[in-house]
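Down below is the structure, laid out as structure tokens.
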2 protein chains.
Amino acid sequence: MKVAVDVVLFSYIEKTLNVLLIKRNIEPSKGKLTIPGVLLGENENAETAAIRALNDKASINLTIDYIEQLYTFTSLNRDPRERVISISYFGLIDSNNLKKFSNIYGDEVNWIDVSTLQTLQTKLGFDHNLIFNIALKRLRTKLRYEPIGFELLPDYFTLTELYDVYCTILDVKLDRRNFSRKINSYGLLNETQYKTKGHVGRRSKLYEFNISKFNELKSGENFYFEI
Amino acid sequence: MKVAVDVVLFSYIEKTLNVLLIKRNIEPSKGKLTIPGVLLGENENAETAAIRALNDKASINLTIDYIEQLYTFTSLNRDPRERVISISYFGLIDSNNLKKFSNIYGDEVNWIDVSTLQTLQTKLGFDHNLIFNIALKRLRTKLRYEPIGFELLPDYFTLTELYDVYCTILDVKLDRRNFSRKINSYGLLNETQYKTKGHVGRRSKLYEFNISKFNELKSGENFYFEI
DNA sequence: CCAAAAGTGTTAAGAGTACACCCATGC
DNA sequence: GCATGGGTGTACTCTTAACACTTTTGG
């Protein structure tokens, strides 16, 4: 019995939600898209292995903005070769942190638009459709109840960008005014002295996530974030 | 590297929340209380192993009312003998389904009151304090956002019993009238033709959980249970 | 001055919260 | 008739949801 760690990594690129998938160039599931994964090493914990999977398979190193354990899959025939259980993770990365892709396996690395993936009902390798679907569901739930939308954006971002992240991922048209009021009511955003530039139209204030305020609220009794 | 499956099983016994703990009679952690667990078998999935752990260690067989995966613990020194990762579960059982305890290992089987455990800051074996704390947190969160309180009660139960479950586990004094109104508003309870008997005071209506209604609501777009 | 994007206030409806008395039954 | 436990209505507050125009700036 082997233990693998697989990671569903999301990024928000050009106003769409994307997921990192690797086209395998060996059997089994040769030619299919899969989520990146590695076998858990003897001397590393699962989260370290998850980061290593991203590094080895997609050269994404040390810049994961958010990662959490998703679920552990243990059904018997996940891998046709032998039994492999998968401790899966889901993660978020700011697309500005993406580097050029290459990997040590020579597999093809792709950011795939989630809505396209769903429209085409693309068959991923192994049981990765299942893992991906659970990750997407978790992302949507988390986004509503914990302030993680920021993790898909640069350190300084506009309210409109954040608003767009929410609308895109939740696939709803939120009310722009209500969104601003709501998100401001938590006091989790600091207005910076900076503004956007280099585009037509009015300049937008840039905000940053107030992580110390977040930690303070989290440690209190009654903190319920909700969008 | 071995793979274990451990289960934090809760029950509601005589108006208190209890957790199933096993006093180990061999090293390591000899004499300490631990949550029940087994090694994952070559031909079983994790949930099956979780049920087996309860059966082997506490003769609780086929009557678990609710079980879900909790978290997978992978840190390097969980077990002093060799590396063991733990796929942990949390479960609920109606105390009426409890049988006499005996187990195939000769360990002592106990239902321990959760508030006592916390007051005494009892040290459990291995890293089981960590696992227990995460399970308790999950239980409290789930109870607020999913209708699982029923799983700790018999098939037919009174609103007062359900109310008591919520107050005890969440450790708050909810308003009895608001609770009734709220829980009824979801339409998840069927009033039965039965009433309590054999006690002083007014008879209470017995309700049952409407599982088909629950499945219907769950499959819809917008079902948000909350207490 | 026009097009593009940002920013903001008010009102109505619904949900949440706080609160206390009457009902049914056994003894 | 009294002690025990069950059951229920109302008023107030707060939150949510729906809705459109003005401001800033580049070209």
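Within every chain, numbering begins at 1; the chains are lettered A, B, ... in the order of the sequence lines, protein sequences first and strands thereafter.
Although no hydrogens or angles enter the test, the distance criterion places a donor-acceptor pair under 3.5 Å between the side chain of B:Arg138 and the main chain of B:Leu70. In this structure, the side chain of A:Ser88 engages the main chain of A:Tyr71 through a donor-acceptor pair within 3.5 Å. For the pair B:Ser11 (side chain) and B:Ile13 (backbone), a donor-acceptor distance under 3.5 Å is absent.
For DNA chain D, the contact window with chain A, defined by any atom under 4.0 Å from a protein heavy atom, covers D:dT16 to D:dG26 in 5' to 3' order.
With sequence neighbours excluded, the residues forming a side chain to side chain contact (heavy atoms under 4.5 Å, CB included) with B:Lys23 are B:Leu33, B:Glu108, B:Asn110, listed by chain and number.
Each of B:Leu92, B:Ile93, B:Ile169, B:Leu20 was scored for a side chain to side chain contact (heavy atoms under 4.5 Å, CB included) with B:Phe10, with one residue passing: B:Leu92.
Salt-bridge check for A:Glu68 with A:Lys142: passed, with a basic side-chain N closer than 4.0 Å to an acidic carboxylate O.
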Report task. Would you give a per-nucleotide map of nucleotides 16-26 of chain C, 5' to 3', where B means the base has a protein non-hydrogen atom under 4.0 Å away, S means only the sugar-phosphate does, and - means neither? Result -> SBBBB--BBBS
Report task. Quick one: do A:Ser180 and A:Arg176 satisfy side chain to side chain donor-acceptor pair (under 3.5 Å)? Show the steps, please. Result -> CA-CA 6 Å; A:Ser180 298; A:Arg176 180 68 176 76; 2.5 Å; yes
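The distance from atom CG of A:Leu162 to atom P of C:dA6 is 13 Å, rounded to the nearest whole Å.
Not less than 6.0 angstrom separates the ring centroid of A:Phe157 from the ring centroid of A:Tyr207.
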